[in-house]
Amino acid sequence: MITASLLLAAAWTLVPGSFAPAKGPDGNSVLIDAPAGLVLVDTGRHPAHQDKLIAAARARGKPVAAIVNTHWHLDHTGGNAEMRAAFPSIPIIGSDAVDGALKGFFPRSRAAAEAHIASGKAPPEQVAEIRRDMAAMDDLANLRPSQVVRRTGAMTIAGRRFEVHLERHAATAGDVWLYDPNERLAVVGDLVVAITPFMDTACPEGWRAALANIEKAPFRTLVPGHGAAMDRAAFRRWRLAFNNLLDCAKGTATKEACIDGWLRDAAEFTPATEQTRVRGMIGYYVDSRLRAAPQEKARYCPDGAG
Ligand SMILES: [Zn+2]
């Protein structure tokens with residue numbers, strides 16, 4: 001007897017990213033079957049991740065037909081060039097937010113990285129990673145989308161129908177997430193990061209609103225930008241932890257109390273071995289973003305209200 005699970009074999013594959021200490025992360029990637037090939041959501045950063053993507057495409061028996069970048073961070077776009085070398089001429093679908101990064105975030109992070117290399121404190125493998133990131137920043141043909149997502153709406157990609165959502169001023173100035181109604185699958189990029197929201201380029205209140213939009217989609221499975229896939233209930237618990245963190249930082253509680261609150265609310269998403277790292281990251285984001293001076297907040301929130 002053929003079981004239902006075989007008949008309903010998933011039309012998608014998750015290629016998990018990585019988040020090793022002292023190394024830039026790779027975001028999660030998802031390959032989704034489409035009539036014209038595979039839709040690849042995000043391309044990771046390191047060559048080892050792109051090798052896994054190419055192997056996963058082979059296992060599905062189809063070429064990659066289109067790339068969707070959820071956002072411009074290099075742990076999601078850094079492999080665009082490698083994937084297009086393997087699958088030539090495929091479109092890159094994404095928001096235009098990278099144009100803002102090219103004027104602001106990238107020059108700032110490049111200056112900091114060059115100073116770090118000049119200091120002699122960077123080990124050789126880190127220097128190699130920085131150089132690779134810089135090359136990705138300079139490779140505009142593979143960094144900028146060939147097809148710009150300008151609004152939320154239905155979109156056919158490689159012959160498959162998706163709801164493509166654009167969230168302005170959330171984790172970045174333009175985050176794209178996909179909802180596949182057939183699979184009841186949401187692929188949301190860094191609007192959800194299991195271990196801790198990465199707030200480096202965030203507008204927190206815009207991000208809060210984006211999470212409310214995600215919850216409106218009737219997904220069964222949600223693939224975050226980093227970490228394991230979630231069901232609806234897990235997403236709702238993560239969202240509550242996120243909202244509580246923003247509320248805590250807005251109030252008069254100490255930074256330590258806000259960190260403790262996150263670790264309590266998001267306990268299921270924090271491996272025991274990561275407690276110290278998460279504590280450091282949440283504390284950093286409270287200082288550098290959630291409680292930043294209005295001028296600093298205005299970098300990522302148009303009205304400085306975030
Ligand atoms: Zn990421």
Side-chain angles (χ1 to χ4, degrees), residues 14-31 40-50 52-53 67-83 92-95 97-98 100-101 104-106 108-109 113 129-130 132-134 136-137 142-143 145 149 165-167 169-178 186-204 206-207 210-211 214 222-230 235 238-239 241-242 245 266 269-271 274 277-278 280-282 284-285 288-289 300:
L14 167 62
V15 178
S18 65
F19 190 42
K23 220 179 142 197
D26 292 286
N28 285 332
S29 294
V30 181
L31 289 156
L40 168 60
V41 187
D42 289 342
T43 59
R45 170 188 254 123
H46 298 98
H49 187 83
Q50 287 103 49
K52 284 185 212 161
L53 294 177
I67 294 170
V68 177
N69 285 144
T70 56
H71 61 297
W72 54 262
H73 289 174
L74 295 177
D75 53 325
H76 299 259
T77 57
N80 286 359
E82 285 83 348
M83 296 312 294
I92 298 173
I93 299 164
S95 84
V98 67
F105 187 87
F106 284 158
R108 280 199 304 277
S109 73
E129 180 163 313
I130 291 170
R132 214 171 32 237
D133 279 358
M134 285 181 182
M137 286 181 211
N142 288 311
L143 178 66
V149 175
H165 292 256
L166 175 63
E167 305 291 348
H169 308 294
T172 69
D175 293 289
V176 170
W177 61 277
L178 291 187
V187 184
V188 303
D190 282 4
L191 293 171
V192 178
V193 174
I195 194 163
T196 167
F198 294 158
M199 293 190 165
D200 306 77
T201 59
C203 178
W207 192 335
L211 294 174
I214 289 172
L222 177 145
V223 175
H226 302 260
M230 297 180 187
F235 165 75
W238 192 89
R239 183 184 167 209
F242 180 97
L245 174 62
F269 306 109
T270 314
E274 295 285 3
R277 189 151 66 136
V278 169
M281 282 191 291
I282 294 289
Y284 171 74
Y285 290 132
S288 69
R289 189 92 351 250
Y300 301 111

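Ligands are counted one by one from 1 in listed order, and the atoms in each one are counted from 1 as well. Note that the structure is a prediction, hence the values are computed from the model and not measured.
Note on the Zn ion (ligand 1): protein N/O/S atoms under 2.8 Å are D75 OD2, H76 NE2, D190 OD2, H226 NE2.
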* Begin from the C-alpha positions of D42 and T70 and carry the test side chain to side chain donor-acceptor pair (under 3.5 Å) through to its verdict. => CA-CA 7 Å; D42 289 342; T70 56; 2.7 Å; yes
* Could you walk me through whether H73 and T201 pass the side chain to side chain donor-acceptor pair (under 3.5 Å) check? -> CA-CA 9 Å; H73 289 174; T201 59; 2.9 Å; yes
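Closest of all the heavy-atom pairs between C203 and Y300 is CB-O, 3.3 Å. Minimum heavy-atom separation, S95 to V176: N-CG2, 3.8 Å.
W238 is listed as a side-chain neighbour of P197, based on a closest heavy-atom distance under 4.5 Å.
Listed for the R45 side chain is no donor-acceptor partner under 3.5 Å among the backbone atoms of G78.
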